[in-house]
Amino acid sequence: MAHLVFDNDESRQLRDSAREHADAGDTLLAYVLENMASEGIDLDKLTPYEDIRARHGLDSDGQQHASGAA
């Protein structure tokens, strides 16, 4: 089981960024940053970028494929 944990300075920076995003109204990103600062990241639960691209129909540049193109 791989788990990424941030040191105190990195955690502080994540929390500072979370507060800035919360103040700007981006509460979802603020929540994610605060959660990362406090709990770290469980690397076994990550979804590979290739899987995300395939699920959302994105090409290698992150652009969505045109559906029904001839």
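Since we're looking at a predicted model, the values are computed, not measured.
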**Report entry** CA sep, side-chain torsions, deciding dist, call: Leu43, Ile41, side-chain contact (heavy atoms from CB on, under 4.5 Å)
**Finding:** CA-CA 6 Å; Leu43 299 175; Ile41 301 171; 4.0 Å; yes
Report task. Start with the C-alpha distance between His21 and Leu33, add both sets of side-chain angles, then the distance that settles side-chain contact (heavy atoms from CB on, under 4.5 Å), and finish with yes or no. Result -> CA-CA 9 Å; His21 285 282; Leu33 292 170; 3.7 Å; yes
Query raised in the report: What do the steps show when you test Arg55 against Thr47 for side-chain contact (heavy atoms from CB on, under 4.5 Å), and what is the final call?
Result: CA-CA 11 Å; Arg55 181 182 317 142; Thr47 303; 3.6 Å; yes
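The pair Asp23-Arg19 does not meet the salt-bridge criterion, since no charged nitrogen lies less than 4.0 angstrom from a carboxylate oxygen.
In this structure, the side chains of Tyr31 and Thr27 stay at 4.5 Å or more apart for every pair of heavy atoms. No side-chain heavy atom of Met36 sits less than 4.5 Å from a side-chain heavy atom of Ser11. Two residues are said to be in side-chain contact when any heavy atoms from C-beta on lie closer than 4.5 Å; Phe6 and Leu4 meet this criterion.
Among the candidates Asp16, Asn8, Leu14, the single residue satisfying the side chain to side chain contact (heavy atoms under 4.5 Å, CB included) test with Arg12 is Asp16.
Between Asp42 and Ala2, the shortest heavy-atom distance links the atoms OD1-O, 3.4 Å. Between Glu39 and His3, the closest heavy-atom pair is O-NE2, 2.7 Å.
Under a 3.5 Å cut-off, the side chain of Ser38 and the backbone N or O of Asn35 do form a donor-acceptor pair.
Cluster membership check: Leu29 shares its hydrophobic cluster with Leu46, using side-chain heavy-atom separations under 4.5 Å among Ile, Leu, Val, Met, Phe, Trp and Tyr.
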